[in-house]
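Below is one structure; the comments refer to it alone.
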Amino acid sequence: TMTSGDTLMIPGYWFGSLGPSLRSAFLSAGKLCRVGEGRPVYRQGDPPDGLYGVIEGQVRLTSFSESGASQLVLLARPGDWFGEVST
């Protein structure tokens, strides 16, 4: 069964193009996780551990140069997915 959080994920670019059974399989295998403001979802160099979808708020994906300078790579908002490249 779909929840209101699930319906927010459907409009996402690639997720919305999946068939209903595949979308359902992804959502059934997923788990809901709250990440506090300013807290990392994962850190650069961590082993890949999944595909992430944003239901509420936003997630900043940043990269760091060898000198330590940060660069914004992506600002993910509700309906956006990230982590597919490493997964």
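Predicted, not measured: the structure shown is a model, and the values here were computed from it.
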Revision key, fill the gap. Here the gap from Arg77 atom CZ to Asp80 atom CG, rounded to the nearest 0.5 Å, amounts to 8.0 Å

Practice item. Please identify each residue that fulfils side chain to side chain contact (heavy atoms under 4.5 Å, CB included) with Leu18, with sequence neighbours left out. Key: Trp14, Phe15, Leu22, Arg23, Phe26

Exercise for review: For Ser65, check side-chain hydrogen bond (donor to acceptor under 3.5 Å, both in side chains) against everything at least two apart and list the hits.
Suggested key: Ser67

Check your understanding: Leu72: what forms a side chain to side chain contact (heavy atoms under 4.5 Å, CB included) with it, not counting sequence neighbours?
Key -> Arg60, Thr62

Practice item. Provide the closest heavy-atom pair for Gly57 versus Pro78 in the form atom of the first, atom of the second, distance. Key: O-CD, 3.1 Å

Check your understanding: Are any non-hydrogen side-chain atoms of Leu75 and Val59 less than 4.5 angstrom apart?
Key -> no

Study note, to complete from the structure: Taken in chain and number order and not counting sequence neighbours, the residues that satisfy ring-ring contact (aromatic ring centres under 6.0 Å, His included) with Phe64 are none

Check your understanding: Mind checking whether Val54 and Phe82 have side chains closer than 4.5 Å, heavy atoms only?
Key -> yes

Review point. With Arg34, which residues qualify under side chain to side chain contact (heavy atoms under 4.5 Å, CB included), at least two apart?
Key: Glu56

Exercise for review: First locate atom CG of Leu27, then atom CG of Leu32, and finally report the distance between them rounded to the nearest 0.5 Å.
Suggested key: 11.0 Å

Practice item. To the nearest 0.5 Å, tell me how far Leu74 CG sits from Ser63 OG. Key: 12.0 Å

Point to revise | Backbone N/O of Pro20 and side chain of Ser24: donor-acceptor pair under 3.5 Å | key: no

Exercise for review: Check whether any side-chain heavy atom of Tyr42 lies under 4.5 Å from a side-chain heavy atom of Val35, and answer yes or no.
Suggested key: no

